[in-house]
Q: 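Next up is a structure, given as structure tokens.
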4 protein chains.
Amino acid sequence: MADEMEQWLSSLLRLNDEEEKMTDKQIKIIQAAVEIFAEKGYSATSTSEIAQKAGVAEGTIFRHYKTKKDLLISIVTPIMSKLVAPFVLRDFHKVLESEYEHFEDFLRAVMRNRLEFGMKNAPIIKIMLHEIPFHPELQSQFREQIVPKVAQRLERIVEHFQANGELIDMPPMTVMRMGASVIIGYILTRCIINPENSWNDEEEIERAVQFIMHGLTPVRG
Amino acid sequence: MADEMEQWLSSLLRLNDEEEKMTDKQIKIIQAAVEIFAEKGYSATSTSEIAQKAGVAEGTIFRHYKTKKDLLISIVTPIMSKLVAPFVLRDFHKVLESEYEHFEDFLRAVMRNRLEFGMKNAPIIKIMLHEIPFHPELQSQFREQIVPKVAQRLERIVEHFQANGELIDMPPMTVMRMGASVIIGYILTRCIINPENSWNDEEEIERAVQFIMHGLTPVRG
Amino acid sequence: MADEMEQWLSSLLRLNDEEEKMTDKQIKIIQAAVEIFAEKGYSATSTSEIAQKAGVAEGTIFRHYKTKKDLLISIVTPIMSKLVAPFVLRDFHKVLESEYEHFEDFLRAVMRNRLEFGMKNAPIIKIMLHEIPFHPELQSQFREQIVPKVAQRLERIVEHFQANGELIDMPPMTVMRMGASVIIGYILTRCIINPENSWNDEEEIERAVQFIMHGLTPVRG
Amino acid sequence: MADEMEQWLSSLLRLNDEEEKMTDKQIKIIQAAVEIFAEKGYSATSTSEIAQKAGVAEGTIFRHYKTKKDLLISIVTPIMSKLVAPFVLRDFHKVLESEYEHFEDFLRAVMRNRLEFGMKNAPIIKIMLHEIPFHPELQSQFREQIVPKVAQRLERIVEHFQANGELIDMPPMTVMRMGASVIIGYILTRCIINPENSWNDEEEIERAVQFIMHGLTPVRG
DNA sequence: CATGAATGAGGTTTCATTCAT
DNA sequence: TATGAATGAAACCTCATTCAT
């Protein structure tokens, strides 16, 4: 179990598997940092605390990460990529056309997939959400590398289904924002704000999809 | 302008106007703290920085607020109350029945009102969102004082309009969550995430209301 | 009771009654200071604490005593005088000759008298003992004003009773030190170190006197 | 000389010699702290002053002692043990019976031994005397760990020599208190109150012993 | 590569003292 | 005279970072 976790973490933190392996201590450092950053916030976490929880000497942290902020960036940067990975596939366009006949199907697929991702990565996502606004490096990375790519892809999808007649005729940005609000609203509530609730995910996903499609007004015969 | 700001801030920070006035220096301290907390986060802000920006001696801060955390709480607590004030009016039920014939009207009113509130209080709301997860005092206040009151009120409204036949038959909690996602999603994007955009608020509100009512599917004749 | 205390305190703190009266607030300040200095030590006591306990504003303390150390000196100086007052009476010599036929009588009188004094002034004496070593002003006052006067008087008494044949032939300084050790040892134990014990003072005084006279060896027929 | 001092200090501060060595800096910190605490009192001493005199960074103090009070306790605790060590030997009873035929011999041995100890440790003893009353941790340690052990031992000795007929029949506690007053009175005067005097220790010890045995009354043929 | 003692800048907080009211 | 808000120096302590081992 712990092994699996380590493998997964280490895979998460490298963008492609060609890159150099993390040492055992590095993994422990990252695990400890993620846990404490998520609990207390980056600024309120001391490197000595991380070292202690990781079971390494304080100096060891700085052998692997030049500064404390470096450590943060090493944690947040990969999650940003993974967060939007499904929308950045090179052959995304084809996938879409072949795989999702209806917008509903696409919505369902996205919600399921990103919910699973959210549940696996809740602490790191929490860190990301809290720290992006306070660190220009992260902000610019987010605004310049992540947002445009995703926006572009989603815009095409929306336009595709608008041309289709399946989606309402409205600025794609607005359509995206409203759809995203519902999806993100659920995932954050589910994974970060209220994870201790007992959730029936399939049901909630279905309702969200129906809501996005038809709103809150009862469907008339 | 500055005067107006001071008046408004001082009114915001007292729950009822009978309470004693804040001194001039106190207001400056709060203003400075709000600004820097919003910019860098509570933990990354030093009291000396606040003192400098407020134009007071560092000791003066601690004459008015026993600790730095006290200062944070003095800022965040009142905003939580004001944030949900419209839902906690004693005669809310009547207001609802008499004022909003349709759910749409209610949505529009809420969005306009809370958007205005968000634009006035963006920095404090940003602070609140960032710090609630890290401060048990704030968390418990939020979960115990704020959430239940609002949830109760909204639940009644939803049930009212469900009985009415205007709203879909679905667990009120879920209905609320989805509606709230759209509204909050817009307000946060508008006021905090992307305030520098040029927004056509009336148009966006109208679209959001329509989305909440009918979803993204084109309305059929 | 409180009134009596005030009167007594105010009388203690003036060397002669011709001097100006203390105001009501001054008395409260001194009372509070004595209490807290005795409990926590001079350095560890803050003027704000004193002000609070005295029920006056912080500024008021500094209206009456230029500095915190001034306040300490105003408390300790008079007690030093009073502590040795019995040995500094102008007509002490006569008193001695007429009043105490035997050294024993003198010992008993001194012990009773200074014990009573110690019980009345325990907190101030404690302050004096703790602070004299750390404040040159107090030290010099003690070494120059107090010690020589008392030493001189006691020396004469010892010499008087040595001439008498009642006291052993030994350097008067040494005789004094040993006698004083026993008396002071009892009074400090009784009043400051272990006041909560139940003590039978008359008995202990008698034993101490007998010890000073005859030591610990059983008296032989 | 300095080396010897260091060795001795480091031996004093460990209760048993198996425990880990103090670092060079730690010793310097303790030495500096002892010196300044003795001169100005604990509360009036700043950690920066200690650091400066010790020739280390202020932070270094806090790497070795979590708080300033920790540093005090690390200084005072061992001296309390050493102070009473001679009375807490496991085979003390035998030692007594075999070594000291008469009470006088015991007195002389104790006075010599503890005087030597007092001269070596004057500053630390001064600190101990001043700080015990103000620090509950020290107080309880003293009252619970130190006092009872010594009292018990001394009581037995007194009873032993009372049974012997060498000592007067009086409550052992009182006998002890009076004897101790004389011994402690001398040692404190000699080592702390008036060390700059030129003292003839052997003579004074002899006189004190004679005083304790026979009091101040001339011995009659 | 790993360690952890050492650093010194900077953090929050306290405090004696001043001064306008 | 009495007040208490304001001060700023200095208190204790933490921290990210370095470097000799």
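Basis for what follows: all heavy atoms, side chains included, without hydrogens, waters or symmetry-related copies. Below, chains carry the letters A, B, ... as their sequence lines are ordered, and counting in each starts from 1.
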Q: Would you say Thr67(A) places a side-chain N or O within less than 4.0 Å of OP1 or OP2 belonging to dA16(F)?
A: no

Q: Using Watson-Crick or G-U wobble geometry with both distances below 3.5 Å, tell me the partner of dA20(E), or none.
A: dT3(F)

Q: What is the distance, to the nearest angstrom, from the CG atom on Asp24(D) to the P atom on dT21(F)?
A: 13 Å

Q: Under 4.0 angstrom, heavy atoms only, what part of the nucleic acid is Ser43(D) near: base, sugar-phosphate, or nothing?
A: nothing

Q: Would you mind reading off the distance between Lys68(C) atom NZ and dA11(F) atom P, rounded to a whole angstrom?
A: 13 Å

Q: Which is more 5' along DNA chain E, the nucleotide nearest Gly55(D) or the one nearest Glu58(B)? Just name the residue.
A: Gly55(D)

Q: Do the side-chain N and O atoms of Thr47(C) and Glu58(C) include a donor-acceptor pair separated by under 3.5 angstrom?
A: yes

Q: Could you give the CD1-to-C1' distance, from Ile29(D) to dA5(E), as a whole number of Å?
A: 11 Å

Q: From CD of Gln52(C) over to P of dG4(F), roughly how many Å is that when rounded to an integer?
A: 12 Å

Q: As a test of reading the structure: which of dA6(F), dA11(F), dT3(F) is closest to the side chain of Thr23(B), going by heavy atoms?
A: dA6(F)

Q: Please report the distance, rounded to the nearest Å, between CD1 in Ile61(C) and P in dA5(F).
A: 15 Å

Q: Does atom CD of Gln139(D) have more than 12 heavy-atom neighbours from other groups under 6.0 Å away?
A: yes

Q: Both Lys25(B) and Lys69(A) contact DNA chain F. Which one's nearest nucleotide lies toward the 5' end?
A: Lys25(B)

Q: Ignoring backbone atoms, test whether Thr47(B) places a side-chain nitrogen or oxygen under 4.0 Å from the OP1 or OP2 oxygen of dT12(E).
A: yes

Q: Tell me which nucleotide, if any, is Watson-Crick or G-U wobble paired with dG8(E) when both distances must be under 3.5 Å.
A: dC15(F)

Q: Could you state the CZ-P distance from Phe62(D) to dA9(E), rounded to the nearest angstrom?
A: 16 Å

Q: Keeping the roles fixed (side chain from Lys68(D), backbone from Tyr42(D)), state whether a donor-acceptor pair exists under 3.5 Å.
A: yes

Q: Does Glu137(B) have more than 12 heavy atoms from other residues, nucleotides or ligands lying within 6.0 Å of its CD?
A: yes

Q: Aromatic rings Phe134(C) and His130(D): how do their planes relate, parallel, tilted or perpendicular, breaks at 30° and 60°?
A: tilted

Q: So does Lys66(C) get a side-chain nitrogen or oxygen closer than 4.0 Å to the phosphate oxygens (OP1/OP2) of dA16(E)?
A: no

Q: Using whole Å, report how far CD of Glu49(C) lies from C1' of dA16(E).
A: 14 Å

Q: Give Ser46(B) one of three labels, base, sugar-phosphate or nothing, depending on what nucleic acid heavy atoms sit under 4.0 Å from its own.
A: sugar-phosphate

Q: Judged by each residue's nearest nucleotide on DNA chain F, which is more toward the 5′ side, Gly59(C) or Arg63(D)?
A: Gly59(C)

Q: Quickly work out the His64(C) NE2 to dT1(F) P distance and round it to whole Å.
A: 8 Å

